[in-house]
Chemist: 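Sending over a structure as structure tokens; questions will come in a sec.
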There are 2 protein chains.
Amino acid sequence: MPITNQDLRKAGLKVTLPRIKILELLESATDHHLSAEDIYKTLLEQGEDVGLATVYRVLTQFEAAGIIERHHFENNHSVFEIMQEDHHDHIVCQSCGRVMEFTNPVIEAEQHRVAAELGFELTGHSLNLYGYCSKPECKDSGRRK
Amino acid sequence: MPITNQDLRKAGLKVTLPRIKILELLESATDHHLSAEDIYKTLLEQGEDVGLATVYRVLTQFEAAGIIERHHFENNHSVFEIMQEDHHDHIVCQSCGRVMEFTNPVIEAEQHRVAAELGFELTGHSLNLYGYCSKPECKDSGRRK
DNA sequence: CTAATTGCAAAAGCTTTGCAGCGCA
DNA sequence: TGCGCTGCAAAGCTTTTGCAATTAG
């Protein structure tokens, strides 16, 4: 279900144009993982008059409100996505930049076991796989950062 | 076994003071995970006349030569460590910054299974757990970034 | 000797902050 | 109307690059 204006208000955030637009983008993106820059450029292309600083501020607020999630991939590339019901990890194509999601209960369980074994109270984790995807249209599409 | 001068030469790198010092630091650090800044500051404290740019250059060359490994943790904190025989993942204490290593064959195997399933040729991965460790002396030691 | 390496300073990302004006509730 | 929000510009950080001087082999 999409994020509603009510959800924003509940998070103590006013319903403003930049916020609505950014949510729309994140919800509609083909692979719904976008960087701040992606969002900024797309909004400019759509004729919106928005500042990059606002994009960052809004994304940070959304993250704090639990509306979106931020991921740091390699080469310092950060992307954002709408928070999902179920947790999932990511696999990123080094060639075309495509991001796919997957869930794996076995890995999940092992992580908790490992943390417990080492005497850690687990608060979070990130698992990212990197490789080359098999899509025919993916032959160094230049998306690399 | 420690990295030798021979290893450096074999990698096409001249044996210079900064390189030796940086290797020494990485090999002797208590938890052998150091950031570029850590290394730079420590060298300065030791009275070495070295530039931060050199530290970054050397680390990058070492990484390319397969001598060290770079990890991106959350909040854009990068650390480096000597390359080990066996692959391992990391668990980081959010409070004291301690980094521990662990290996888990089950997770390892699952990762390959998942990648294959999604049609990816796996080239690398990073798994980091975050939490709070149970060491008594770890009570917000202020190391947080 | 001479190409590799270094320190310094400047530049290049990416992200955050200060501020005056604008706009949602 | 009032405080939150925004765009702009400037500043902060981490990392990289240009360059002349230095050094390993």
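Scope of the values below: all heavy atoms of this structure, side chains included, with no hydrogens, waters or symmetry mates.
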Chemist: dT17(D) P sits how many Å from Gln61(B) CD, rounded?
Modeler: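 Answer to the nearest Å: 12 Å.
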
Chemist: OP1 or OP2 of dT15(D) sitting under 4.0 Å from any side-chain N/O of Ser78(B)?
Modeler: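 For dT15(D), OP1 or OP2 has a side-chain N or O of Ser78(B) closer than 4.0 Å.
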
Chemist: Within less than 4.0 Å of OP1 or OP2 of dT23(D), is there a side-chain N or O belonging to Thr16(B)?
Modeler: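 It does not, given that no N or O in the side chain of Thr16(B) lies less than 4.0 Å from OP1 or OP2 of dT23(D).
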
Chemist: By nearest nucleotide on DNA chain C, pick out whichever of Leu13(B) and Tyr40(B) is the more 5' one.
Modeler: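 Its nucleotide being nearer the 5' end, the pick is Leu13(B).
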
Chemist: Under 4.0 Å between a side-chain nitrogen and a carboxylate oxygen: does that hold for Lys41(A) and Glu45(A)?
Modeler: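 Answer for the salt bridge query: no.
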
Chemist: Over how many whole Å does the gap from Leu43(B) atom CG to dC8(C) atom P extend?
Modeler: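 One finds 13 Å between P of dC8(C) and CG of Leu43(B), rounded.
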
Chemist: Round to a whole Å and report the spacing from CD of Glu37(A) to P of dT16(C).
Modeler: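 Value for this atom pair: 13 Å.
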
Chemist: Classify the side-chain pair His125(A)/His87(A) by whether it contains a donor and acceptor separated by less than 3.5 Å.
Modeler: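 On atom types as modelled, these side chains qualify, holding a pair under 3.5 Å.
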
Chemist: Establish whether the base of dG4(D) is bridged to the side chain of Arg57(A) by a donor-acceptor pair shorter than 3.5 Å.
Modeler: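 Answer no: no donor N or O sits under 3.5 Å from an acceptor.
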
Chemist: Look at the side chain of Asp49(A) and decide which nucleotide, out of dC5(D), dG7(D), dT5(C), has an atom nearest to it.
Modeler: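 Taking heavy atoms from C-beta onward, the closest nucleotide is dG7(D).
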
Chemist: To the side chain of Lys14(A), which of dT16(C), dG25(D), dG2(D) is closest?
Modeler: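 From the listed options, dG2(D) comes nearest.
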
Chemist: For His90(A), which of His72(A), His33(A), His77(A) qualifies under ring pair (Phe, Tyr, Trp, His ring centres under 6.0 Å)?
Modeler: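 For His90(A), the ring pair (Phe, Tyr, Trp, His ring centres under 6.0 Å) check succeeds only for His33(A).
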
Chemist: Among dT6(C), dA25(C), dG7(D), which nucleotide has an atom closest to any side-chain atom of Val15(A)?
Modeler: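 So the nucleotide nearest the side chain must be dA25(C).
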
Chemist: Taking the side chain of Tyr56(B) as heavy atoms from C-beta outward, which of dT17(D), dT6(D), dT14(D) is closest to it?
Modeler: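 Of dT17(D), dT6(D), dT14(D), dT14(D) is nearest to the side chain of Tyr56(B).
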
Chemist: Could you state the atom-to-atom distance from CZ of Phe80(B) to P of dT14(D) in whole Å?
Modeler: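 Distance, rounded to whole Å: 13 Å.
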
Chemist: Would you mind telling me which of dC8(C), dT15(D), dC5(D) lies closest to the side-chain atoms of Ala36(B)?
Modeler: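 Among the listed nucleotides, the one closest to the side chain of Ala36(B) is dT15(D).
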
Chemist: Let me know the distance between CG of Leu17(A) and C1' of dT6(D), rounded to the nearest Å.
Modeler: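 After rounding, the reported distance stands at 11 Å.
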
Chemist: Starting at CD of Glu48(A) and ending at P of dT6(D), how long is that distance when rounded to a whole Å?
Modeler: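 That distance rounds to 12 Å.
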
Chemist: With side chains defined as the heavy atoms from C-beta onward, is the minimum distance between Arg70(A) and Leu59(A) less than 4.5 Å?
Modeler: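 No - every pair of side-chain heavy atoms lies 4.5 Å or more apart.
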
Chemist: Determine the sole option in Ile3(A), Ile82(A), Leu23(A) for which the side chain to side chain contact (heavy atoms under 4.5 Å, CB included) test with Phe62(A) is passed.
Modeler: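 One option only clears the test, and that one is Leu23(A).
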
Chemist: Whole angstrom is fine here: how far is it from NZ in Lys41(B) over to C1' in dC13(D)?
Modeler: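 After rounding, the reported distance stands at 12 Å.
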
Chemist: Provide, to the nearest angstrom, the distance between the CD1 atom belonging to Ile20(B) and the C1' atom belonging to dT6(C).
Modeler: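 Rounding to the nearest Å, CD1 of Ile20(B) and C1' of dT6(C) are 14 Å apart.
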
